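Counting starts at 1 for both ligands and their atoms, following the listed order. Because the structure is predicted, anything quoted here is derived from the model rather than measured.
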Amino acid sequence: MSAATAESVMIESVLREKRVFAPAAEFSQRAHIKSMDEYRALWQRAYDDPEGFWAEQAAILDWFRRWDKVLEWNEPFAKWFIGGQLNACYNCVDRHLATWRRNKVAILWEGEPGDTRVLRYLDLHREVCRFANVLKQLGLTKGDRVTIYMPLIPEAVVAMLACARIGVTHSVVFGGFSAEALADRNNDAKARVVITADGGYRRGKIVPLKANTDQALQRSPTVEKVVVVRRTGENVPMTSGRDFWWHELIANASPDCPPEPLDSEHPLFILYTSGSTGKPKGVLHTTGGYLVGAALTHKWVFDIRDEDTYWCTADIGWVTGHSYSVYGPLANGTTVVLYEGAPNHPREDRFWEIVERYRVSVFYTAPTAIRSFMRWGEHWPKQHDLSSLRLLGSVGEPINPEAWMWYYEVIGQKRCPIVDTWWQTETGMIMISPLPGATPTKPGSCTFPLPGVVAEIVDKQGRPVPRGQGGYLVIKRPWPAMLRTLYGDDERYRKQYWEQIPHVYFTADGARQDEDGYFWVMGRVDDVLNVAGHRLSTMEVESALVSHPKVTEAAAVGRPDPIKGEALVCFVTLAAGVQPSEALKQELREHVAKEIGPIARPDDIRFTDALPKTRSGKIMRRLLRDIAAGRETVGDITTLEDYSVLARLREEEE
Ligand code: PRX
């Protein structure tokens with residue numbers, strides 16, 4: 001339970017953290033939501049009449065047919081804007097063509113090697129239509145699933161929107177996942193097509209996406225065809241009849257492809273994320289409610305205006321990339337910056353160089369990145385003109401007050417409000433966050449629920465806990481962008497989210513409210529780790545480890561890490577006769593990277609004779625977490641020493 005450590009850290013910071021930063025008057029005056037009074041009135045309006053509120057907000061989109069009913073709530077299954085018809089791609093692209101935005105830049109893209117591309121809304125429309133026709137030619141029809149396994153290049157966005165245009169459900173798999181993980185996701189979604197690239201660039205190296213795809217396809221029986229973007233120019237084998245080059249397919253594709261009118265509840269995408277068991281969960285989002293939530297929160301939280309140049313640094317393989325690099329901003333007609341590569345390539349100032357070059361005004365990134373910037377030093381951002389920035393955002397894990405202050409002072413130059421946005425793959429949209437023109441912020445707090453979001457902190461029985469006391473963060477009412485189910489597994493959806501605490505959505509986060517009602521999220525209370533902003537399941541890592549023939553048993557836990565938030569520590573017992581060694585540690589680290597992806601490579605492997613267990617045989621991860629955290633300076637630990645410590649801890653526990 002990662003919350004135990006996060007909690008102790010956060011309790012301390014809540015006690016210590018008394019600084020409050022009110023929005024500047026000039027910022028508030030021009031903001032969409034200008035004051036706390038305005039925020040409170042909106043929140044109350046939504047609370048008193050949720051359906052009326054959301055019906056009003058749904059006007060942010062263009063609908064082909066208006067809905068008959070706003071919400072049908074049959075716990076735990078929600079339907080929003082029933083009877084309504086729309087198309088997400090139409091809302092993100094076509095509707096801007098009827099306005100002056102037809103010539104506005106939609107995407108300012110930069111590749112890691114330094115190549116650049118600019119797509120106006122007009123250009124995006126043409127590319128999307130042509131590729132949508134390609135998808136049709138490949139035999140895809142409404143309701144099919146497609147896997148997108150790509151670097152962050154414009155074609156990735158084009159592919160997502162082209163799917164949305166014809167009613168094909170996309171499942172984007174992050175390029176840092178392995179062939180094994182890709183195959184699992186292809187199979188679970190029963191994907192018919194994989195869209196990939198020959199490779200992508202990461203820190204100067206090439207990520208072999210096509211080679212991984214080929215390997216995954218050896219056990220992805222549902223996949224019939226593969227579309228490959230030429231990105232790196234590397235020589236990759238193409239299987240005739242199965243693999244097709246993107247550029248060849250679109251060469252003859254017509255740019256005329258009317259958007260399909262789709263039901264509001266038509267599945268827009270599946271996104272796999274880690275849960276507390278080994279099998280990744282296919283979080284399913286649908287069209288109308290999701291897009292209303294993404295567009296509205298993008299407008300309010302980032303206080304978006306037409307003249308903004310907006311950059312969310314997340315990869316499209318994560319939900320942040322879906323909601324706040326693609327669907328939210330494009331629905332709002334925003335100019336979006338996309339960058340393919342690493343923040344420290346070729347140097348540690350790459351992000352600031354991009355901010356300066358494109359005059360980025362709104363910048364959204366993750367605490368783990370901010371902590372890396374802190375470590376690399378102020379001299380990197382100081383070499384650049386960051387005066388275009390007006391608003392900063394943070395997402396993915398709790399931001400420690402030190403990182404918040406550094407972000408505020410060094411990047412924002414004490415001029416830019418910070419929005420610390422709490423949400424999840426499952427919530428689809430930002431749920432708890434400051435509104436930058438209204439909310440006085442406290443470093444480390446995501447402040448208050450947005451209008452339409454009813455959040456509470458409760459105990460295991462669902463009773464509200466007093467202010468200042470920690471508990472479980474829950475959401476008490478359905479919201480439009482909520483997940484509809486776990487793909488193909490309604491029961492798991494019900495159990496995971498709606499039965500842990502009766503009749504509320506269980507976030508699996510621990511949190512507290514301070515005396516002023518501010519929310520402070522402390523971290524996960526389940527077996528999910530947050531390593532450098534990546535969500536990993538301890539069970540997933542453990543099952544990867546025990547799939548290695550030399551491993552008998554394994555337990556994965558998080559250890560607080562100054563940069564990554566949590567580092568991944570694995571305790572491993574070896575099969576009889578296998579000798580522990582440094583080489584074996586390395587072999588196991590690589591094994592996990594191969595099974596899940598480089599993002600899951602353990603930071604530390606420790607061999608032990610036995611794992612601490614309860615009498616019923618459950619591994620006591622809490623003890624292991626203590627050991628993982630407390631032993632940081634001890635260096636290499638022999639099995640015997642480990643065992644004695646574990647045994648002693650076990651006695652204390654019983
Ligand atoms: O623990 C919370 C943490 O990230 C989890 C969700 O991870 P994921 O689905 O990968 O989505 C990340 C991007 C939305 C949450 O359960 N988390 C996310 N944002 C914050 C956060 N914890 C504290 N503060 C945040 N702002």
Do [X] and [Y] sit within salt-bridge range, that is, some charged N less than 4.0 Å from a carboxylate O?
{"X": "D303", "Y": "R390", "result": "yes"}
{"X": "R535", "Y": "E426", "result": "yes"}
{"X": "D184", "Y": "K279", "result": "no"}

Partner of K564 by side chain to side chain donor-acceptor pair (under 3.5 Å), out of N530, D603, T368: D603
Residues in the immediate environment of ligand 1 (any heavy atom closer than 4.0 angstrom):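 If the criterion is a heavy atom under 4.0 Å, then ligand 1 touches V319, T320, V395, G396, E397, P398, D420, T421, W422, W423, Q424, T425, D509, V521, R524, N530, R535.
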Checking K476 against F506: charged group under 6.0 Å from the ring centre and within 45 degrees of the axis? no
Just checking, R484 and Y493: is the charged tip under 6.0 Å from the six-membered ring centre and within 45° of the axis? no
